[in-house]
Amino acid sequence: MRNTQIIRPGAVLGILGDGQLGQMIAIAAAYLGYKVAVLGPGGRDSPAGHVAYWAKAWRPDGVVSEELLDEFCRLVSVVMIEWENIPVSLVERIEARGIPVRPSSNVLRIAQDRLFEKELAESLGIPVPTYRNIEVRTQDVGPGRETTDRASILKTRRDGYDGKGQIRIPRGGSIEDAWRHLKYVPCILEEAVFFECEMSVIVARSPPTADLIIPEAVVYGPFENVHENGILRQTEYPVTNDHAALFFPGVAEAARNAALTLAMNLDIHGLLAVEFFVDGNGQVIFNETAPRPHNSGHLTIECSDTSQFEQYVRAACNLPWGSEHFHSSGRMINIIGEEVSEWMDHARQPRTGLHLYGKGEAKSGRKMGHVTHHWTYDDE
Ligand code: AMP
């Protein structure tokens, strides 16, 4: 038992956002006897809306009326998040009605801003790429002024995802030109890291119990990730033998410890996913956080005793943790855009979990589903 109140099966759990992460949270919640109410841009006709007990859409401009929020809050015992760019003001309005949001508005405020999360990682002694804030035009950054002294990436501080809001600048390229493309919104300029591979770790955390009987957190990973055009293409667990950097001792431990340190310092109640670069010397370098289930954790559905989605539900409802033991190895591959037309090829594959999110239009770059190939150690 935790010292915070247990939310019992039968309760309605709220979810903000209605995409595939919300859908998979809702399915995990249903297995434990909960219902979910979903508030997001798509309402009933959305991946999460298709499997929800209650689903309504907010206005196209993102505004949630007082009446709609009252209706949602009357139903739910706790609110979860499937998208980190949910407006903090919306989360605060829910908290002001006495409904806990996991994670809280305090965590979201940091996780939504690339500058704040990098400052936090740096203050905790976690290596970060060299970066600087580009917020106001100065003598340095202005038309025809400063150029980069190394290959860099200009990223919007807020609202970027799947490689959106990012521009690569070659060494000697103009910061101003890139910034103009990003409409002069607040950005960070960071060095392009020559990484050998990318990894992620997912932490589930609840505040510690008074008697300290239940561990504060469970940790998944590191997972090994491959991105294409800023979008996750593939995740493998355990990490492969393809990268010399991964043979340096302590790489996995460094990533797990860094993610755990961040989760504790944020005092997160829920999930924290942390992405890292690993350079040729085996140094683990912080990239970004997401305070929610993460695409790289989808293979926990097929490969571990308790998926990241169920663990999130357990955290939000103050239940004991499920076992995070991995019984299988796996490779998750995203189905992006038009690739969804090949779904039957995947459906025929043995030892393959096929997940289609039920999204209407297969727009380019849109995550339409994923497959997880899985095998047990006996098969290797
Ligand atoms: P992000 O949204 O910041 O995670 O960026 C998406 C992907 O772009 C990352 O997973 C990397 O593959 C690449 N990327 C982002 N930042 C950097 C960087 N500083 N150096 C090299 N590659 C990067």
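Everything quoted here is computed from the prediction, not taken from an experiment. Both ligands and their constituent atoms are indexed starting at 1 by order of listing.
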* Structure fact -> Tested for side-chain hydrogen bond (donor to acceptor under 3.5 Å, both in side chains) against Y131, the lone hit among E122, K155, E119, E190 is E122
* Asked: Checking R102 against Y312: charged group under 6.0 Å from the ring centre and within 45 degrees of the axis?
  -> no
* Asked: Yes or no on salt bridge (Lys or Arg N to Asp or Glu O under 4.0 Å) for K56 and E71, after CA distance, side-chain angles and deciding distance?
  -> CA-CA 10 Å; K56 288 204 174 166; E71 192 185 340; 2.9 Å; yes
* If the plane angle is over 60° it's perpendicular, under 30° parallel, otherwise tilted; pick one for H298 and F309. => tilted
* Asked: Aromatic rings H370 and Y357: how do their planes relate, parallel, tilted or perpendicular, breaks at 30° and 60°?
  -> tilted
* Asked: Hydrophobic cluster mates of V63, side-chain heavy atoms under 4.5 angstrom, ILVMFWY only, any path?
  -> none
* Using heavy atoms and a cut-off under 4.0 Å, could you grab the residues that are in contact with ligand 1, chain by chain, numbers ascending? => R114, I153, K155, Q166, R168, E190, E191, A192, V193, F195, E198, H227, G230, E275, F277, N287, E288
